[in-house]
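For reference, the structure discussed in these notes is given below.
Naming: A, B, ... by sequence-line order, numbering from 1 per chain.
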Amino acid sequence: MADHVYIQDIASHVGKEVALKGWLADRTDKGKLQFLKIRDGTGFIQAVVFQKDVAPETFDAARKLTQESSLVVTGIPRAEARAPGGFELAVKDLRIVQIADDYPITPKEHGVEFLMANRHLWLRSPRQHAILRIRARIVKAIRDWFDDNGFLLVDTPILTPSACEGTTTLFATDYFGVPAYLAQSGQLYNEANAAAFGKVYCFGPTFRAEKSKTRRHLTEFWMVEPEWAYGTLDDYMRVGEEFVSYIAQTILKERAPELKAIERDVSKLRNVAPPFPKISYTDAVEILHQHGFPEFQWGEDFGAPHETTISEQFDKPVFVHRYPTEMKAFYMAPDPNDPKVCLGADLLAPEGYGEIIGGGERSADLAHLERQIAKHNLPREAYEWYLDLRKYGAVPHCGFGLGVERTVAWICKLDHVRETVPYPRMLERIYP
RNA sequence: UCCUCGGUAGCUCAAUUGGCAGAGCGCGCGGCUGUUAACCGUGAUGUUCUAGGUUCGAGUCCUAGCCGAGGAGCCA
């Protein structure tokens, strides 16, 4: 029996008989000649079956194959300019593992509703392969960057006793008779971990039960959140621009075939290098006044069209800092020079992708936090441990959160985050 | 939660003023030694989202509901 090889390694086996184990993506019957498009999870390759070169039962077996039938083929790989990918397999033998029923996803067009209902099968398509390979590489780039820059991975809990920020709706579960909630952020625990380890990050799924129905929202999404002691707003923006640039440059370098497969124009990604422009919220409001939103009032939050307009003024991601204190989370540190604004910043991605990072400097002032907790009507007893951090060695510190799905959507230039994760969880969709 | 649009064959869609339910793809059968979403011939395929209503007659009009898409708000 020939050695089993994967399609991604086929170039190093030219001229030697090998076995491929996979599925039939497509078949073209030319009479005495059949083309089989085979996939095995690592790639796609064309196999060619000539009637005169194989046993009659082998040729008949090839004719019986339906789309997505599983099979093992043996043959000899060769360079072939006419084949997609430059290589093809000259088939010598073929074994059917299973004949697939009528496969619902054809090589023609399909609508979103149909594809989402068949997400478990849609994942077999080349475009979904490219996107999810890019996602996996982005996740690795995220881990590599923090691991190589002195941050320690310290996991934060997913089941939590109360809201982190008290602003968004949480998914409730029954925790042995008491309510527990799926975490919407690891941030508060990160602050405790930063006081213990200096520089930390957490990385995992987070959950928001909001009834958001847009191309930028999932109810379950992945977020990486670094936090470090003695960090300031300016430190955060410097780390953020280095980190995001590393992700973009790594994908450009290591996932070029996938970017090409999804027809991503990479010229705009090449610009993503430090330093990023940094403007204040007040500057951003001025931009809005000059570009189609003359009515925008200082103190309002930005909506999607506002973020798009601001980001369109720049050719790389842009930090918007010093938002009005009123509209940000209770733990944000006020700017000592102007307490109306706080030391927080969001990073807006180019090309209309909106906010991919939110973060800033946290307040180290116990009295201020106690007032803020009261003002936001948060249950004080749930935050006692958090307030302890301001009693036992409080230091200035900062951190941020980066949304993985929005980052993947931007890097891939997708029009919806639902394709950036294998099984998206959205309003009114939890199947499959 | 609000606004807008949609639901017809397995899929993507068409169906004139309310008047016989259609096409392409896919699938079956036949043909073809270089196909790239092949091509040529041929055949089968329907609870028109659901429940009521108007009408001689409803895919089409009315009422209610269900499901989906796009956007808003909120956020990463």
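- One can place CZ of A:F207 at 14 Å from C1' of B:A76, the figure rounded to the nearest angstrom.
- For A:E326, the CD atom counts as loosely surrounded, since its 6.0 Å shell holds 12 or fewer non-hydrogen atoms of other residues, nucleotides or ligands.
- Residue-to-nucleotide proximity on RNA chain B shows that, of A:A304 and A:E405, the 5′-proximal contact is made by A:A304.
- The residue A:P84 sits close to a base: some heavy atom pair falls under 4.0 Å.
- Set against B:G70, B:C11, B:G73, the side chain of A:H110 has B:C11 as its closest nucleotide.
- Each of A:P305 and A:T219 was assigned the nucleotide of RNA chain B with the nearest heavy atom; the assignment lying further toward the 5' end belongs to A:P305.
- B:C74 makes up no base pair with any nucleotide shown, lacking Watson-Crick or G-U wobble contacts both under 3.5 Å.
- Here the side chains of A:L94 and A:V72 are not in contact, with every heavy-atom distance at 4.5 Å or above.
- Distance CD1 (A:I105) to C1' (B:U12): 14 Å, rounded to an integer number of Å.
- Separation of the C1' atoms belonging to B:U4 and B:U47 is 29 Å when rounded to the nearest angstrom.
- A search for ring pair (Phe, Tyr, Trp, His ring centres under 6.0 Å) contacts involving A:F151 returns A:F146, A:W228, not counting sequence neighbours.
- Between the CD atom of A:E113 and the P atom of B:G6 there is a distance of 15 Å, rounded to whole Å.
- When heavy atoms are screened at a 4.0 angstrom cut-off, A:K213 is found touching base atoms of the nucleic acid.
- As rounded to the nearest Å, B:U16 and B:G65 have C1' atoms that lie 31 Å from one another.
- The distance between atom CG of A:D301 and atom P of B:A72, rounded to the nearest whole Å, is 13 Å.
- Here, B:A72 and B:U17 have their P atoms 35 Å apart, quoted to the whole Å.
- Here A:I357 lies in heavy-atom contact (under 4.0 Å) with sugar-phosphate atoms only.
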Can you build the contact string for nucleotides 24-34 of chain B? Use B for base contact, S for sugar-phosphate-only contact, and - for no protein heavy atom under 4.0 Å. -SS-----BBB
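- When heavy atoms are screened at a 4.0 angstrom cut-off, A:R27 is found touching no nucleic acid atom at all.
- Rounded to whole Å, the distance from CZ on A:R406 to P on B:C74 is 13 Å.
- For the residue pair A:Y201 and A:D147, a side-chain donor N or O sits within less than 3.5 Å of a side-chain acceptor on the partner.
- Applying the side-chain hydrogen bond (donor to acceptor under 3.5 Å, both in side chains) rule to A:H289 yields no partners; only residues at least two apart in sequence or on another chain are considered.
- Side-chain N or O atoms of A:T74 include none that pairs as donor or acceptor with a backbone N or O of A:A19 at under 3.5 Å.
- Between the side chains of A:R63 and A:Q34, no donor-acceptor pair is found at a separation under 3.5 Å.
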Take A:R322 and A:D283 through the salt bridge (charged side-chain N to carboxylate O under 4.0 Å, His left out) test and state the conclusion after the steps. CA-CA 10 Å; A:R322 292 183 171 80; A:D283 295 336; over 6 Å; no
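- Taking atom P in both B:C5 and B:C62, the straight-line distance is 13 Å, to the nearest Å.
- Among the protein residues, A:G354 comes within range of no part of the nucleic acid, since none of its heavy atoms lies under 4.0 Å from any strand.
- Taking atom NE2 on A:H376 and atom C1' on B:C74, their separation rounds to 14 Å, with Å as the unit.
- A gap of 23 Å separates the C1' atoms of B:C49 and B:U55, to the nearest Å.
- Nucleotide B:A37 is matched to nothing when pairs are restricted to Watson-Crick or G-U wobble geometry with both distances under 3.5 angstrom.
- Taking the C1' atom of each, B:G43 and B:A9 are spaced 15 Å apart, rounded to whole Å.
- Here B:U12 is the nucleotide among B:U12, B:C67, B:C75 with the atom lying nearest to any side-chain atom of A:F114.
- Taking the C1' atom of each, B:G28 and B:A69 are spaced 35 Å apart, rounded to whole Å.
- Atom C1' of B:U12 sits at a distance of 28 Å from the matching atom of B:G31, rounded to the whole Å.
- Both distances falling under 3.5 Å, in either a Watson-Crick or a G-U wobble arrangement, occur for no nucleotide opposite B:G26.
- Between the C1' atom of B:C74 and the OH atom of A:Y323 lies a distance of 14 Å, rounded to the nearest Å.
- Inspection of the A:E191 and A:Y331 side chains reveals no N or O donor paired with an N or O acceptor under 3.5 Å.
- Across the strands present, B:C61 finds its partner in B:G53; the criterion is a Watson-Crick or G-U wobble pair with both atom distances under 3.5 angstrom.
- A:F302 has its CZ atom 16 Å from the C1' atom of B:C74, to the nearest Å.
- The base-pairing partner of B:C5, taking Watson-Crick or G-U wobble contacts with both distances under 3.5 Å, is B:G68.
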